[in-house]
Amino acid sequence: MDPDITFRPSAAEKIVEKFGKTVDDEGYIVDKETQERVESNLGNEISIDNFGGVGKGSQVFLEKDYVSVAEFIESKEKQD
């Protein structure tokens, strides 16, 4: 089973726009107001090609790989 999560590029851009973000000239997700690049829950600047989703209840951006998703789930379990 492939551990990657996949969005079509147009769907990914629509999702990040709903959270007040856009994509810069280099393909990275940035805040519309500050133009600062968004970091994933792993602390990496996240490109639209590597976008895996947004965590519930906040703006935690996930990379489209198992490590990012697993880390997010583990952190949520610790909070509960």
Side-chain angles (χ1 to χ4, degrees):
M1 182 167 89
D2 188 355
D4 288 344
I5 300 167
T6 305
F7 290 105
R8 290 188 317 246
S10 62
E13 288 185 27
K14 287 179 183 176
I15 292 169
V16 299
E17 286 176 9
K18 295 286 184 185
F19 288 91
K21 311 296 185 239
T22 191
V23 179
D24 69 13
D25 293 339
E26 295 179 35
Y28 286 89
I29 300 170
V30 296
D31 186 281
K32 282 184 181 180
E33 291 183 18
T34 66
Q35 293 302 302
E36 291 182 17
R37 288 186 175 172
V38 171
E39 291 185 354
S40 73
N41 62 318
L42 301 177
N44 302 317
E45 292 179 342
I46 186 167
S47 70
I48 196 68
D49 293 333
N50 200 30
F51 173 67
V54 181
K56 180 181 177 185
S58 64
Q59 288 196 18
V60 177
F61 283 71
L62 307 176
E63 297 177 40
K64 65 175 185 179
D65 63 26
Y66 178 78
V67 175
S68 182
V69 174
E71 181 77 22
F72 177 72
I73 291 170
E74 186 176 300
S75 70
K76 294 302 272 184
E77 288 177 347
K78 288 180 183 177
Q79 292 176 0
D80 293 338

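Since we're looking at a predicted model, the values are computed, not measured. We're numbering straight along the sequence, starting at 1.
For the pair Ile15/Phe51, a side-chain contact is recorded, criterion being any heavy-atom separation below 4.5 Å from C-beta on. Between Thr22 and Val16, the closest side-chain pair of non-hydrogen atoms is not below 4.5 Å. Counting heavy atoms from C-beta outward, Glu26 and Arg37 have side chains that approach closer than 4.5 Å. Taking 4.5 Å as the limit, some side-chain heavy atom of Ile46 sits within range of a side-chain heavy atom of Glu63.
Here the OG-NZ distance, from Ser40 to Lys64, works out to 13.5 Å after rounding to the nearest 0.5 Å. Note that CG of Asp65 and CG of Asn44 are 9.0 Å apart. Values are rounded to the nearest 0.5 Å. The CG atom of Asp31 lies 8.0 Å from the CD atom of Gln59; values are rounded to the nearest 0.5 Å. Distance check, rounded to the nearest 0.5 Å: OH of Tyr28 to CG of Asn50 gives 9.0 Å. With rounding to the nearest 0.5 Å, the separation of NZ in Lys21 from CD in Glu13 is 15.0 Å.
Enclosure of atom CD in Glu33 is not indicated, since only 12 or fewer non-hydrogen atoms of other residues, nucleotides or ligands lie within 6.0 angstrom.
If you chain together hydrophobic residues whose side chains sit under 4.5 Å apart, Leu42 and Ile29 never meet in one group.
A pairwise comparison of heavy atoms in Phe72 and Leu62 identifies CB-CD2, 3.6 Å as the closest pair.
In this structure, Val30 stands alone, with no Ile, Leu, Val, Met, Phe, Trp or Tyr side-chain heavy atom under 4.5 Å from its own, directly or through other members.
At least one donor-acceptor pair closer than 3.5 Å links the side chain of Asn41 to the backbone N or O of Ser68.
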